[in-house]
Structure formats: C-alpha cells, structure tokens
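Below you'll find the structure, written out as structure tokens, and then a few comments.
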Amino acid sequence: IIFFAWCVQVESVKISTNGAILEGEYLGCYNERPSARALPTLLEDSSHMTPLRCRELALRNGSRFYATRPPSQCYAGGTAPTFYGKVEGG
C-alpha cells in the first residue's frame with residue numbers, strides 16, 4: 001500500500017470582541033488524503049484562488065477554519081483538523 005499525503009495550509013478566522021472580522025491566523029500545514037481531507041467541505045475550485053478569497057468563502061459558509069490546497073482549491077470546516085496531524089515545521 002502506498003500512502004500519499006498532501007499538505008494543506010490551514011488558517012482560522014479571527015473575530016474581534018466587537019464582532020469585526022480580522023485577518024486569518026495561520027495554524028500550520030496539515031496532512032490529508034483525497035479520501036479524508038483535513039477540512040471536509042470543498043467551497044471552490046478556481047484558478048483564481050487565494051487565501052483571502054478562501055477566507056471570504058469560509059465566512060459566507062459559516063466556517064471558522066479554511067485551507068487552500070494549491071493550486072486552486074478552497075476547503076472549510078467548523079473544527080480544526082486533527083485526522084492525520086500537523087506537519088512538523090509546517
């Protein structure tokens with residue numbers, strides 16, 4: 001069996017005490033597999049994907065955590081990823 005892991009850059013949405021949306025907070029790079037994503041919901045697959053665009057999509061979706069997977073995918077979820085763990089140094 002060959003195990004392929006991908007690393008997605010995960011951030012969380014930071015909200016101030018008055019409810020204003022702040023910049024995303026980088027949480028690190030997390031392992032995943034195609035059958036078990038670090039964050040479960042694919043929000044968009046676009047050649048114009050950026051972390052800022054992904055954060056906006058996550059907010060509209062009501063998700064606190066979001067991840068960009070190069071070159072074009074944006075994933076989101078309600079909880080921080082833990083399935084395959086964080087990549088050391090990532």
Side-chain angles (χ1 to χ4, degrees):
I1 295 175
I2 299 173
F3 172 72
F4 289 98
W6 287 268
C7 175
V8 293
Q9 306 293 318
V10 177
E11 297 187 18
S12 73
V13 175
K14 291 189 78 167
I15 301 174
S16 71
T17 54
N18 68 358
I21 305 301
L22 304 173
E23 293 294 318
E25 177 184 6
Y26 179 70
L27 299 179
C29 187
Y30 288 78
N31 289 311
E32 65 172 13
R33 292 183 180 183
S35 60
R37 296 287 182 203
L39 295 172
T41 306
L42 175 63
L43 297 179
E44 187 172 290
D45 190 347
S46 166
S47 61
H48 303 290
M49 186 54 59
T50 65
L52 179 59
R53 168 86 178 133
C54 189
R55 184 180 77 199
E56 291 169 356
L57 291 168
L59 285 169
R60 280 192 233 146
N61 189 59
S63 298
R64 181 164 175 226
F65 298 91
Y66 60 97
T68 51
R69 185 170 181 274
S72 60
Q73 295 176 332
C74 172
Y75 286 87
T79 58
T82 58
F83 196 74
Y84 287 113
K86 189 173 180 179
V87 175
E88 277 193 47

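The residues of the chain are indexed from 1 along the displayed sequence. Note that the coordinates shown come from a computational prediction; the quantities given were computed from them, not determined experimentally.
The salt bridge (Lys or Arg N to Asp or Glu O under 4.0 Å) check on Glu56 picks up nothing, with sequence neighbours excluded. Judged as a side-chain hydrogen bond (donor to acceptor under 3.5 Å, both in side chains), and not counting sequence neighbours, the contacts of Ser72 are Asp45.
Side-chain contact between Gln73 and Leu42 is present, with heavy atoms from C-beta onward closer than 4.5 Å.
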Exercise for review: With side chain to side chain contact (heavy atoms under 4.5 Å, CB included) as the test, would you mind laying out the steps for Met49 and Glu44 before giving the verdict?
Suggested key: CA-CA 8 Å; Met49 186 54 59; Glu44 187 172 290; 3.6 Å; yes
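One finds the OG1 atom of Thr68 at 13.5 Å from the CZ atom of Arg53 (value rounded to the nearest 0.5 Å). Note: Asn61 CG to Tyr66 OH = 14.0 Å, rounded to the nearest 0.5 Å.
Of all the heavy atoms in Ala76 and Pro40, the pair that sits closest is O-CD, 3.4 Å.
With no hydrogens or angles considered, a side-chain donor-acceptor pair links Arg37 and Tyr75 at under 3.5 Å.
Under a 3.5 Å cut-off, the side chain of Ser46 and the backbone N or O of His48 do form a donor-acceptor pair.
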